[in-house]
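So the structure is just underneath, and the comments pick up after that.
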Protein chains: 2
Amino acid sequence: MARLFEVAHRLEARVEAALGAVGLSLAKFGVLKVLAEAGDSLPLSQLAERIQCVRSNITQLVDRLEADGLVRRLDDPDDRRVVRAALTQAGRDSFGEGIRIVAAQERAVTEALGQSDAAALNGALRQL
Amino acid sequence: MARLFEVAHRLEARVEAALGAVGLSLAKFGVLKVLAEAGDSLPLSQLAERIQCVRSNITQLVDRLEADGLVRRLDDPDDRRVVRAALTQAGRDSFGEGIRIVAAQERAVTEALGQSDAAALNGALRQL
DNA sequence: TCTGCATAGTTTATCTATGAACAAATCGAC
DNA sequence: GTCGATTTGTTCATAGATAAACTATGCAGA
């Protein structure tokens with residue numbers, strides 16, 4: 001388990017560093033990804049649910065993304081409690097760059113592992 | 001890779017929650033473990049090195065551990081720049097409880113995996 | 001309709017982690 | 001022996017995450 005944690009942390013740090021080149025972090029990239037895949041604005045609660053974190057985290061993350069100009073907050077016309085997050089054009093562009101970077105890292109890892117180990121890893125992780 | 005991160009985070013959260021029962025966190029347990037295994041007090045720099053984090057993180061971690069009464073700071077007689085961290089008796093006791101908890105979590109994971117998957121996981125992780 | 005409860009988002013406090021800037025102490029080259 | 005570079009720990013600012021307390025809004029039942 002120690003090894004699992006250590007490897008995960010090291011890979012996360014690597015992806016984080018790679019994303020840093022375009023001003024993104026893993027957390028920010030995660031939000032952009034959810035919004036891009038939804039293809040539409042989403043209530044902050046749904047963002048929290050899909051990212052699997054508490055709402056107060058999303059508040060701050062969206063604060064920073066809004067400051068970066070990658071996302072903006074919209075009022076929900078149907079429920080005045082709700083705040084929706086929407087990608088800006090800069091956000092869509094940034095996500096495009098991010099996904100290339102992450103894909104490259106993914107390839108590097110799969111390559112380092114070799115097919116059989118990659119499959120084994122995947123299978124084992126599925127049990128957990 | 002997404003799966004690896006997700007599983008690692010979930011397991012970490014589980015261990016963290018289990019350790020919470022005795023007032024520990026993974027970070028605090030990590031410090032206690034290094035000190036216990038060293039069998040002696042250690043300079044904060046060495047703590048940082050073994051835990052693989054920056055020194056300012058150790059400063060704060062040791063602040064909190066000292067507040068918890070698990071660790072205390074000692075002056076180094078040979079180098080007045082150095083601050084050493086030493087386990088208190090409460091710290092040794094707490095580490096003992098922690099290690100039982102972590103071992104139980106470890107067993108639960110290995111059991112959930114089965115021998116072959118556990119070995120496969122270990123082998124794959126070793127490549128990374 | 002009003003009342004009480006649930007939901008949405010924010011604020012605040014805390015923890016973990018990083019990096020930059022800093023003070024004090026040590027060490028090496030001259 | 002002194003000066004400059006290095007090392008050690010701390011402080012501060014920031015990012016990311018959680019949990020608790022709070023506000024505003026919506027909704028369901030008496």
Side-chain angles (χ1 to χ4, degrees), chain A residues 5-6 8-10 12-17 19-20 23-32 34 41-68 70-86, chain B residues 5-6 8-20 23-32 34 41-68 70-86:
Chain A
F5 292 168
E6 195 244 312
H9 288 157
R10 206 170 50 238
E12 275 185 354
R14 241 172 64 179
V15 177
E16 198 91 43
L19 283 172
L24 285 179
S25 62
L26 254 179
K28 287 178 179 177
F29 176 72
V31 172
L32 299 186
V34 168
S41 67
L42 286 177
L44 300 195
S45 314
Q46 289 211 20
L47 226 37
E49 208 174 300
R50 300 197 194 185
I51 289 175
Q52 295 264 91
C53 72
V54 299
R55 278 166 325 186
S56 56
N57 193 21
I58 293 294
T59 296
Q60 303 176 82
L61 215 34
V62 170
D63 282 350
R64 290 189 292 268
L65 284 165
E66 217 171 10
D68 293 344
L70 304 182
V71 157
R72 62 182 193 287
R73 281 179 163 88
L74 303 177
D75 289 341
D76 186 302
D78 298 344
D79 187 337
R80 288 197 297 160
R81 290 171 304 180
V82 170
V83 177
R84 308 181 71 94
Chain B
F5 293 166
E6 195 243 314
H9 288 157
R10 206 170 51 238
L11 290 183
E12 275 185 353
R14 243 172 63 180
V15 177
E16 197 92 42
L19 283 173
L24 285 179
S25 62
L26 255 179
K28 288 179 180 176
F29 176 73
V31 173
L32 299 186
V34 168
S41 67
L42 285 177
L44 300 196
S45 314
Q46 288 210 21
L47 225 38
E49 207 174 302
R50 300 197 194 185
I51 289 174
Q52 294 264 94
C53 72
V54 298
R55 281 170 327 207
S56 57
N57 193 21
I58 293 295
T59 296
Q60 304 176 80
L61 217 33
V62 170
D63 283 348
R64 290 189 294 269
L65 284 166
E66 217 171 11
D68 293 345
L70 305 181
V71 156
R72 64 181 192 289
R73 281 181 164 88
L74 304 177
D75 287 342
D76 187 302
D78 297 343
D79 187 336
R80 290 197 295 160
R81 290 171 304 180
V82 169
V83 176
R84 306 181 71 93

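A, B, ... follow the sequence lines: proteins, then strands. Residue 1 opens every chain. Predicted, not measured: the structure shown is a model, and the values here were computed from it.
- One interatomic measurement links the two molecules: CG of B:L24 to C1' of C:dT16, which rounds to 15 Å at whole-angstrom precision.
- Side chain of A:N57, nearest nucleotide from D:dT25, D:dT18, C:dT10: D:dT18.
- At whole-Å resolution of the value, CD in A:Q46 and P in C:dA8 are 9 Å apart.
- Taking atom CD of residue A:E16 and atom C1' of nucleotide C:dT16, one finds them 14 Å apart after rounding to whole Å.
- Checking B:Q52 against A:P43, the closest nucleotide of DNA chain C that is more toward the 5' end is the one next to A:P43.
- Here the options are A:D76, A:D75, A:D78, the test is salt bridge (charged side-chain N to carboxylate O under 4.0 Å, His left out), and the partner is A:R84; only A:D76 passes.
- In this structure a side-chain-to-backbone donor-acceptor pair under 3.5 Å is present from B:E66 to B:R73.
- Rounded to a whole Å, the CG atom of B:D75 is 16 Å from the P atom of D:dT8.
- If you check every strand for non-hydrogen atoms under 4.0 Å, A:R84 touches nothing.
- The phosphate of D:dT11 has neither OP1 nor OP2 within less than 4.0 Å of any side-chain N or O from B:T59.
- Counting heavy atoms of neighbouring residues, nucleotides and ligands inside a 6.0 Å radius, atom CD of B:Q52 does not exceed 12 of them.
- Closest approach to the B:Q60 side chain among C:dT7, D:dT8, C:dT18 is made by C:dT18 (side chain taken as heavy atoms from C-beta onward).
- When each of A:D78 and B:D63 is assigned the nucleotide of DNA chain D with its nearest heavy atom, B:D63 is the one assigned upstream, toward the 5' end.
- Residues A:E16 and A:L26 approach most closely at OE2-N, 3.0 Å, considering heavy atoms.
- Between B:R50 and B:Q46, the side chains place a donor N or O and an acceptor N or O closer than 3.5 Å (distance only, hydrogens not considered).
- Computed from coordinates, the A:L44 CG to D:dA24 P distance equals 18 Å when rounded to whole Å.
- Of the candidates C:dT16, D:dT7, C:dT18, the closest approach to any side-chain atom of B:R81 belongs to D:dT7.
- A:R80 comes within contact range of the sugar-phosphate backbone alone, with a heavy-atom separation under 4.0 Å but no base atom that close.
- Distances shorter than 4.0 Å separate some side-chain N or O of B:R64 from OP1 or OP2 on C:dT16.
- Spacing between atom CG of A:D76 and atom P of D:dT25 amounts to 14 Å, rounded to whole angstrom units.
- Contact annotation for A:V82: backbone-only contact, meaning every heavy-atom pair under 4.0 Å involves sugar-phosphate atoms and none involves a base.
- Nucleotide C:dC15 holds its C1' atom 12 Å from the CG atom of B:L65, rounded to whole Å.
- The side chain of A:R73 contributes an N or O atom lying less than 4.0 Å from OP1 or OP2 of C:dT10.
- Among the protein residues, A:V83 comes within range of the sugar-phosphate backbone only, with heavy atoms under 4.0 Å from sugar or phosphate atoms but none that close to a base.
- Residue B:L44 comes nearest to B:A85 through the heavy atom pair CD2-CB, 3.8 Å, listed as atom of the first residue, atom of the second, then distance.
- Protein atom CD of B:E12 is 14 Å distant from nucleotide atom C1' of C:dC15, rounded to whole Å.
- Between B:S56 and A:I58, the residue whose closest nucleotide on DNA chain D is further toward the 5' end is B:S56.
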